[in-house]
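The structure appears right after this line, and notes come after that.
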Amino acid sequence: MTKTPLNTDNIIQRVLDKDIRAAGRLMRWVDDDLDKVKPLLAQLFEHTGHARIIGITGNPGAGKSTLVNQLIKELRQRGKTVGCIAVDPTSPFSGGAILGDRVRMQQHALDSGVFIRSVATRGNLGGISRSTPAIVHILDAMKFDVILIETVGVGQDEVDIVRLADTSVVLNVPGLGDDIQASKAGILEIADLLVINKADRDGMQRLRRELRTMIELGDFEENDWKPPVIETIATSSQGIDNLADAIFKHLEWLDTHQDQKHEVELERHHHYIGLVAMGEIERIVQHERASERWSEQLEKVRTREISPYEAAQTLLSYIIEAKR
Amino acid sequence: MSQSTPSRNYRVLIGKPGLDGHDRGAKVIARALRDAGFEVIYSGLHQTPEMLVNIALQEDVDCIGLSILSGAHNTLMPDVVKLLNEQGASDIFVFGGGIIPDEDIPKLKDQGVLEIFTPGTSTSDVVEFLTKACEKRHS
Ligand SMILES: Nc1nc2c(ncn2[C@@H]2O[C@H](COP(=O)(O)OP(=O)(O)O)[C@@H](O)[C@H]2O)c(=O)[nH]1
Ligand SMILES: [Mg+2]
């Protein structure tokens, strides 16, 4: 089987034809240099909108990868194809990363109905990588039914996944002690579903009570979705069917509550447009730094002829002028 | 959102095909490569060559490192190379490590394995070799 090498002219068609190598390569381009691939992703966008996007978050060690593995299995049994993005942190010291989530998902390595991609945060905060939304688009355009995103697991700050996902699942683990539980105050704003994983552990009853109380005290309106609490033992697949049921129930709820659904969609695109625009601005400013007029302004600031604020303003106005 | 310039990282898959359950060596290399700025995808134990090649394509790695202590390197390593070729992915290079008799090394290289690192090789030599090989691949 000899294929023509991948290039910018053929890669999109090959992604749409579900070519694994093309998809893997485009994801790589997205990770390495989003700007280069923007025109390609733009072509892809009209083919997206099919997949349902599920975020899985929770502290490191909570059992996210183990649970995602089981969920993939359950979804496959229900006839769904599954894309999965597993995010792990980049080392701030070396810029490298060990991406080990796949170790728990080995059993799906030969299933053509499953595509798993490991990504590193590469300095991005918020629990996912900067490239994650575009990787979702690629998997979506390949017509995977469900896309599971395992976030890094930094807890409260993982707001980015909420903006990206249709359904956000937050994992909790029994027996972590009071102070940790107390910091859960914000999770109701993140979670569509609350999971108690490691339900085989001591402290399960107590955690269930706490989560239920929290939901009771939360200010939900008549028409709001109230997060259910689901108990799982991911290591033995217990409760995974309930979790899948709850996910589909939430997706159906979104489908029958168009206002909320639109809100989710608007938030997602609102956030992503902002992200792309910020990236573009950063790139332009970065480019400008090598210019002569940048050096001129710099020298004027050095001699205190003008302030850094005036210099920045002047440089920005050059850029805006040039763009007109 | 904090990184302003596009960053490229080399990506490497560290695989443990076959039956042996000793992954200490694989993990030492994985950590050394991470510390050198690589993104290391670790597959876990007991992978078949088919699984590894599929992972390599999904992850678009630059290379696959195979750690084999079971003695099955003479079939497993060439199998991975062959499957990559079949998938039109011969640009992904394969290297190996583990317990590999000296006399097997030339044969493995003949069959497309780029390099074999024996237990005596320092991790910094491995890192240097792979960095150069990845640089070449991208130039
Ligand atoms: N007892 C118990 N252990 C679990 C359960 N789920 C996961 N684990 C273990 O928790 C550890 C961390 O799991 P992992 O999926 O890597 O967590 P992640 O860091 O959130 O992705 C592993 O040793 C799992 O085997 C569970 O339901 N019960
Ligand atoms: Mg994990």
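All chains are named by letter (A, B, ...) in the order of the sequence lines, taking the proteins before the strands, and each is independently numbered beginning at 1.
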For the backbone of [Y] and the side chain of [X], can you confirm whether one donor and one acceptor N or O come within less than 3.5 Å of each other?
{"X": "A:Ser94", "Y": "B:Arg34", "value": "yes"}
{"X": "B:Gln58", "Y": "A:Gly24", "value": "no"}
{"X": "A:Arg28", "Y": "B:Asp60", "value": "yes"}
{"X": "B:Asn54", "Y": "A:Ala109", "value": "yes"}

With rounding to the nearest 0.5 angstrom, report the [atom1] to [atom2] distance, [X] to [Y].
{"X": "B:Tyr42", "Y": "A:Ile98", "atom1": "OH", "atom2": "CD1", "value": "10.0 Å"}
{"X": "B:Met51", "Y": "A:Asp111", "atom1": "CE", "atom2": "CG", "value": "11.0 Å"}
{"X": "A:Arg102", "Y": "B:Ser43", "atom1": "CZ", "atom2": "OG", "value": "9.0 Å"}

Using a cut-off of under 4.5 Å on heavy-atom pairs, state which of B:Leu33, B:Val53, B:Leu45 scores highest against chain A.
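Going by pairs under 4.5 Å, I would pick B:Leu45.
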Most heavy-atom pairs under 4.5 angstrom with chain A, which of B:Gly37, B:Ala56, B:Ser90?
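Highest number of pairs under 4.5 Å: B:Gly37.
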Is the shortest distance from a Lys or Arg side-chain nitrogen in B:Asp91 or A:Arg21 to a carboxylate oxygen in the other one below 4.0 Å?
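So B:Asp91 pairs with A:Arg21 through a salt bridge.
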Cationic N near anionic O, under 4.0 Å, A:Arg122 to B:Glu39
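The answer is yes: the pair qualifies as a salt bridge.
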Part of [X] lying under 4.5 Å from any heavy atom of chain A:
{"X": "B:Ile92", "value": "side chain"}
{"X": "B:Val12", "value": "neither"}
{"X": "B:Asp62", "value": "both"}

Side chain, backbone, both or neither: which part of A:Phe115 has a non-hydrogen atom closer than 4.5 Å to chain B?
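Interface part for A:Phe115: both.
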Just checking, any donor-acceptor pair under 3.5 angstrom between side chains of B:Glu59 and A:Ser118?
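Short answer, yes.
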